[in-house]
Amino acid sequence: MAWSVCAVVAGGLMSLWAVWSPDQVSAAASVLGTVAGLLGFLAIWAWRGTPRHHSADTTQIAETERALARMVRRQWEDEGVLRQLFAPAPLPVVWAPSRRAGLVDRRMDADTTLGCHADDPDELIATFRRATRRRLVVLGPAGSGKTTFSVLLLLALLRTRTPEDPVPVLCPLASFDPARENARDWLQRRVTEDYPALGDAQRYGTASVVELLTEHRLVPVLDGLDEVPSTRRTAVLEALNETLPTDAPLVLTCRTEAYAQAVRESAPLAHATVLEPAALRIDETLAALRLAAAPERREAWDELAGRLARTPDSPAAAVLTSPLMATLARSVYADSDRDPAELAEPHRFPSAAALERHLLDALVPTLYERARRQDPTRSPDPADALRHLTFLAQGLTGQGTFELRWWKLHTWSPSLTGPWRRALIWLAITVAGHLVTNPVLVVLGAPWWVLAVSVAQAVAVVPVFLFGSWFSAPSTTMGRRTAVSAAAALGGGLAAAPAMMPFLPGTNPGETFLVGTAFAGASLWLVVLAAGLPVPPDLPVRGRPGTARWRRRLPRALGSVLCVTLSSGLFFASYAAYVHHGGQTRFPASLRDGLVIGAVLGAGLAFLRWVRAGSVDDSGAGVEATLRSDRLLALLGGGACALLFVLPDAGVRMTIWFSSTLSDLVVVAAVRLIDTGPIGLVLALGTCAWPYYTIARLQFAVRGRLPWRLQAFLADAHRLGILRRVGPTYQFRHARLQQHLADSTRPPGPRPPADLPGARSGSAAPR
């Protein structure tokens, strides 16, 4: 429709040229050309906002299943190695059907023969397949190895998987809120977020994950019902029962008491076999710890075993029967100079709680000291690492989450959460950009007051950022998006107009102010339409631009460039005729210049679309990959939007004052890019996650709370086994470790919400 309007307007003006006087035609063209140009830009934006959806066919579903199995296995095998699950073998925890009344669906027939050892993959697989409808609930006290059981079961299923078997996928339940979405939608979103390669609609279709769920080709391994805030734990269990089919395979883990409370308020997970662990025997634990130690260190473990045999009621004998504490003891004592026999000293550890605190306190320093001995130039100082990890634990607890999402780090900073504060920070960044670029013009001969005028124009970003904060909810209709974008651009135009008035034509200040508002508003609107409102995104960009399927994309890109080119040429030609009172000698040159500007604008819009439609390969699900992708989009989009912002203004100025040659256009555009380009750059950066993350990271680094190279620090902590990685997020290796660090006596971070597991005494959620 917009293109038809443009064609009708162009044809009408050409036909009226021979009938009306040039002055009348130019006056009409100045209005109609502007409308047609905006309609052309809106057409491209609307086309971009409504992509065509491709349903998944059988081939795409099969390819999705194979790719997902490959990515899940690669991820959790790496995690298993880092968490020392196989060094040299998993702890021999025995899992058996629960005998507690009320925790099992009454429709289930008890199978007392069902059970397995966690260190035996064949028994894990047999237990899962023998369970009624392949549905398991894995319960246990804090630190009993529920997550370890889930990971070992997942890997066992993947290693023996045939094309007919479903794919197990581990999803932490802490991010599920039944008040916002149902269980099926959450599972689809979570799988796509953790494995962004599946978002490639051309390769996998748009409904492959849904089809896999519908056909029971996925086994959701839902870890940590106890890590869901207590206020919605019952709702989560009800949602799983009401939304997911009762014959769909499922694995759910939870602390026993938390599950019992949810069951009392709702009902057990339908048709699920409930497993609970038997306590480790101290001789089994010591045998596993001795086997994990170096040969020259095994005598120390033998000495500990002798002491515990003489004092079977000691705190150490009780603590080391917990799989979590046994794992911590292995990390602290297996490869260090510490003597494990000290664990049995009653004067040092008079209670089990004291010994647990000791192991948790010693974990981080021990691992970093060991890494520092291996490579003194790489690992940070243990005291600094402990301080940084403590801040992260306190921040996560204050946010009510167990997942460290790098694109949400800005929510930890008060200066980046309030709309006015965020707008002022971006204003300061824009002013700094002007102070960096505008001295170039001064060196080339421009007067110093040009710098002051340029800085004054930077205030245009404040209203746009404020509108982005106030209307941050996604717009579902074309009309609402258009209205919000126009309002934001109008606010920015009103703010920038006073600084533009000395350079604009007009018979009086009022007319000049309106012209300045129109010029600045149109340029801002173009940037907002191309990049979106400057507001922190909910998710980072996952893909990288490439040449895949370029034959399908090329016709749409060429159509976009052609539409914008024609609209821009008509607008500038009409405006030139109006400004020069119908001088026909200016019309062909202005039409040519408008076509050139339009071609550049259209290419810029097509470029932004190409960047945002990047694809993700199977290895692009990690933290570093998502960070690099979002940073690439921020930089490329920022450069493109800086050019989009200055080109219309450069064309108008050239139409008014210059001889309208292409060399003049290049010169004026370059000058305006140096002069006001930072405005378009900042508005585009404000739509991406990486700039907000960078600002927050630098703020915390200046205060000493985080390292300057945060991603390298997180990767190092992950390599040492302190953190684990789930898709593009990090988590502490154990929720108990996060709680311990957050509750320490070091400088406190944000206070945890009341309903966060672990925020109150007695409500810890260690895994």
Side-chain angles (χ1 to χ4, degrees), residues 72 75-76 79 83 85 93 95 103 118 135-154 168-178 183 186-187 189-191 193-194 219-241 244 250-263 266 268-269 272 274-277 322-324 327 393 396-397 399-405 723-727 729-740 742 752-753 755-760 763-767:
V72 173
Q75 173 190 352
W76 288 106
E79 288 295 325
R83 297 178 67 182
L85 296 183
V93 182
W95 295 84
L103 299 185
R135 293 166 71 86
L136 294 177
V137 174
V138 183
L139 303 181
S144 58
K146 299 179 291 296
T147 299
T148 299
F149 175 92
S150 301
V151 174
L152 293 174
L153 173 62
L154 177 144
V169 182
L170 193 147
C171 299
L173 263 176
S175 62
F176 178 33
D177 185 357
W186 172 76
L187 279 171
R189 177 178 61 82
R190 183 77 203 204
V191 171
E193 288 179 5
D194 289 349
V219 181
V221 181
L222 307 181
D223 183 36
L225 178 61
D226 52 290
E227 294 178 0
V228 175
S230 58
T231 54
R232 67 169 188 256
R233 197 174 294 150
T234 301
V236 169
L237 186 56
E238 291 176 347
L240 296 179
N241 278 327
L244 300 181
L250 181 68
V251 178
L252 174 68
T253 73
C254 184
R255 283 186 296 125
T256 305
E257 295 305 320
Y259 185 74
Q261 180 182 358
V263 167
S266 176
L269 186 67
V274 180
L275 298 179
E276 287 190 283
S322 165
L324 170 59
T327 302
L396 290 174
T397 304
Q399 293 290 316
T401 182
F402 295 95
E403 294 184 316
L404 177 59
R405 299 177 174 91
L723 301 177
R724 70 175 182 177
R725 189 157 52 190
V726 182
T729 67
Y730 282 110
Q731 298 176 357
F732 276 89
R733 176 177 176 178
H734 304 285
R736 178 71 177 275
L737 178 60
Q738 176 181 324
Q739 178 206 354
H740 178 76
D755 61 351
L756 175 68
R760 297 187 298 272
S763 61
R767 306 302 306 154

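- Residue Val93 comes nearest to Pro277 through the heavy atom pair CG1-CB, 3.8 Å, listed as atom of the first residue, atom of the second, then distance.
- Contact check for Leu153 versus Val221: no side-chain heavy atoms found under the 4.5 Å cut-off.
- Remark: Leu139 CG to Leu252 CG distance equals 8.0 Å, nearest 0.5 Å.
- Within the model, atoms CG of Leu244 and CZ of Arg135 stand 7.0 Å from one another, a figure rounded to the nearest 0.5 Å.
- A 4.5 Å side-chain heavy-atom check between Trp95 and Lys146 finds at least one atom pair inside the cut-off.
- One distance of note links CD of Gln738 with CD of Gln731; it measures 9.0 Å at 0.5 Å rounding.
- Taking every heavy atom of both residues into account, Arg724 and Trp76 meet most closely at NH1-CH2, 4.4 Å.
- Annotation for Asp226 and Cys254: closest pair OD1-CA, 3.4 Å, computed over non-hydrogen atoms.
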Where do Glu193 and Ser175 land on the side-chain contact (heavy atoms from CB on, under 4.5 Å) test, with the steps shown first? CA-CA 12 Å; Glu193 288 179 5; Ser175 62; over 6 Å; no

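- The two residues Leu170 and Leu154 come nearest to each other via the heavy atoms N-CD1, 3.7 Å.
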Going through the distances and angles, do Tyr259 and Val137 end up as a side-chain contact (heavy atoms from CB on, under 4.5 Å)? CA-CA 9 Å; Tyr259 185 74; Val137 174; 3.9 Å; yes

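- Rounded to the nearest 0.5 angstrom, Thr148 OG1 and Leu324 CG are separated by 8.5 Å.
- Rounded to the nearest 0.5 Å, atoms CG (Leu396) and CD (Gln739) are 13.5 Å apart.
- Across all non-hydrogen atoms, the minimal contact from Ser322 to Gly143 is OG-O, 3.2 Å.
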Can Glu227 and Leu173 be said to form a side-chain contact (heavy atoms from CB on, under 4.5 Å), step by step? CA-CA 7 Å; Glu227 294 178 0; Leu173 263 176; over 6 Å; no

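- With respect to the salt-bridge test (charged N to carboxylate O, under 4.0 angstrom), the residues Arg190 and Glu403 qualify.
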Should Val219 and Leu250 be marked as a side-chain contact (heavy atoms from CB on, under 4.5 Å) after you check the CA-CA gap, both sets of side-chain angles, and the distance that decides it? CA-CA 5 Å; Val219 181; Leu250 181 68; over 6 Å; no

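- Thr256 is linked by a side chain to side chain donor-acceptor pair (under 3.5 Å) to Glu276, counting only residues two or more places apart in sequence or in another chain.
- One finds the CZ atom of Phe176 at 10.5 Å from the CG atom of Leu225 (value rounded to the nearest 0.5 Å).
- Between Thr234 and Ala262, the shortest heavy-atom contact is OG1-CA, 3.9 Å.
- A distance-only check finds no donor-acceptor pair linking the side chain of Arg725 to the backbone of Gln75 [under 3.5 Å].
- Counting heavy atoms from C-beta outward, Val72 and Pro168 have side chains that stay 4.5 Å or more apart.
- Arg233 places a side-chain N or O within donor-acceptor distance of the main-chain N or O of Val228, the cut-off being under 3.5 Å.
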